[in-house]
Protein chains: 2
Amino acid sequence: MRKLKTERRPEILDAALAIADERGLDALSMRAVADRVGVTPMALYGYFRNKDELLDGLVGRLLGDMPPVDPELDGRERLGAMAHGFRQVALRHPAVFPLMFSRPSVTPDAVRVSDAVYQALLDCGVPDDQVPRMERLATTFIMGWATSEVSGRFSASAASARARRGADLPAHQRLAPYLDGPRDLDAEFDADLADLFRIIRPE
Amino acid sequence: MRKLKTERRPEILDAALAIADERGLDALSMRAVADRVGVTPMALYGYFRNKDELLDGLVGRLLGDMPPVDPELDGRERLGAMAHGFRQVALRHPAVFPLMFSRPSVTPDAVRVSDAVYQALLDCGVPDDQVPRMERLATTFIMGWATSEVSGRFSASAASARARRGADLPAHQRLAPYLDGPRDLDAEFDADLADLFRIIRPE
DNA sequence: ACCTGAACACCGTTCAAGT
DNA sequence: ACCTGAACACCGTTCAAGT
């Protein structure tokens, strides 16, 4: 387990992220990254032990890209700002964002984000012993929502396909007027966040 | 776009699921599936247009495996039973379950599951025009939770690594007693579901 | 100290051919 | 109607060598 070089890691991760953003995750090969950086594929193995570690680095990079949150805001406003920050990162990097679920990050950036969420929950009045669970609940929902959005699970085309296919099932029939209309995902995200706050801060 | 054969599709999907369960998603190659079925890799292309379609079929299979829910139960109990069903499917097929996010399914099984969730939400008293959003909210949370669990995001080892790394951040310090203890994911899932019902059915 | 070249054991998929 | 064989253009990664 030899020591890894670190100097060009940011440059390599930039190249990898650019490839994933432009051409998708399937196009993200060690060879493609090396080409973009201007080295041989094998040079990358001086910086990352293997492709999995490079993908972990990419998740860390996404967390480092989270927009900072105004510390003047109250707890609830900070949580909302962070939720929108997650969603923006997902929309900017739709191919990479879903990796957040499968590659739990423990980088300094990841821990800093967790700490900000903990602090916001504490400021909302969540009891200390409930904060870790509420953090998992909130981040799970927000990451799941953003992943669904960027992966097409909430797309209008999937919705109308389901509406068509379910036309003779009872609940689909009753709900037909609401299943295939236009969708405003911005508004739905906000409505869901408002509901989420009712869990976090029972009045 | 020629017509695909269907007869041996279930047999092929069984083989694929077995490989993913036993050896993970990386081991799930067309060649490995063909080997297990006892045919040449190219024979699979008579049943699936490409590997992506085979993976879509796998997601459909998972939805078909969802345990049926007792129709005698009330709406809230049925929702709880379906949530536990999702989680059980995830625990049985940890490598494949996360694909549910990225491969929105429109098979008859998928639509049948949606209809059951719609009906349960209606029976809980959710207004018709809110049911589709609540279905997305609930399934997103449940799938995100199950994906987190099977992907290691909730693992004790990740938690203690984060606890160690965040030891000098303010909220981590204050919450230290609660960050690295033993975890009961069964209990946490139930607690989260109870909170989720407070969104679905405001008293 | 950092990078390259050649090689190995794999991939998904196309096309033409076999029964 | 269903399957196979050979081939193509890729993969991630090891090892030994180059500067």
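Every chain is numbered from 1, with letters handed out A, B, ... down the list of sequences. Side-chain atoms are counted along with the backbone in the values below, which use heavy atoms only and exclude waters and symmetry mates.
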Next on the checklist: Applying side chain to side chain contact (heavy atoms under 4.5 Å, CB included), can you list everything that pairs with A116(B), at least two apart in sequence or on another chain?
Outcome noted: M82(B)
Checklist entry - Got a sec, which residues hit side chain to side chain contact (heavy atoms under 4.5 Å, CB included) with A194(B), two or more places apart in sequence or on another chain? => result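 A194(B) satisfies side chain to side chain contact (heavy atoms under 4.5 Å, CB included) with no residue once adjacent residues are dropped.
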Checklist entry - Looking only at heavy atoms, which two atoms of T107(A) and G60(A) are closest? And how far apart? => result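 What the structure gives for the nearest pair is OG1-CA, 4.2 Å.
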Item to check | Non-hydrogen atoms of I19(B) and A27(B) that approach each other most closely | outcome: CG2-O, 3.6 Å
I'd like a table of donor-acceptor pairs (distance under 3.5 Å, sequence neighbours excluded) in which one partner is a side-chain atom from residues 87-100 of chain A, with atom names and distances.
{"residue": "R87(A)", "atom": "NE", "partner": "E149(A)", "partner atom": "OE1", "Å": "2.8"}
{"residue": "R87(A)", "atom": "NH1", "partner": "D186(A)", "partner atom": "OD1", "Å": "3.1"}
{"residue": "R87(A)", "atom": "NH2", "partner": "E149(A)", "partner atom": "OE2", "Å": "2.9"}
{"residue": "R87(A)", "atom": "NH2", "partner": "D186(A)", "partner atom": "OD1", "Å": "2.8"}
{"residue": "H93(A)", "atom": "ND1", "partner": "D21(A)", "partner atom": "OD1", "Å": "3.1"}
{"residue": "H93(A)", "atom": "ND1", "partner": "D21(A)", "partner atom": "OD2", "Å": "2.8"}

Next on the checklist: Counting Watson-Crick and G-U wobble pairs with both distances under 3.5 Å, what is the dot-bracket string for DNA chain C, 5' to 3', using [ ] for crossing pairs and | for pairs to another strand?
Outcome noted: ||.|||||...|||||.||
Checklist entry - With nearest nucleotides of DNA chain C determined for A43(A) and R31(A) from heavy-atom distances, which residue corresponds to the more 5′ nucleotide? => result A43(A)
Checklist entry - What do you reckon, is CG of D184(B) surrounded by more than 12 foreign heavy atoms closer than 6.0 Å? => result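 Atom CG in D184(B) is packed in, count exceeds 12.
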Checklist entry - Got a sec, which pairs hit side chain to side chain donor-acceptor pair (under 3.5 Å) with one end in residues 172-182 of chain A, sequence neighbours left out? => result H172(A)-D115(B), R174(A)-D128(B)
Item to check | 5′-ward residue of the pair A32(A)/K5(B) relative to DNA chain D | outcome: K5(B)
Checklist entry - If you look at every strand shown and take non-hydrogen atoms under 4.0 Å, does M42(B) touch a base, only sugar-phosphate, or nothing? => result base
Next on the checklist: Counting the atoms with a prime plus P, OP1 and OP2 as sugar-phosphate, which does Y47(A) contact under 4.0 Å by heavy atoms, base, sugar-phosphate, or nothing?
Outcome noted: sugar-phosphate
Checklist entry - Between which nucleotides of DNA chain D, 5' to 3', does chain A make heavy-atom contacts below 4.0 Å? => result dC11(D) to dC15(D)
Next on the checklist: Regarding R133(B) and D195(A), does a basic nitrogen lie under 4.0 Å from an acidic carboxylate oxygen?
Outcome noted: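 The answer is yes: the pair qualifies as a salt bridge.
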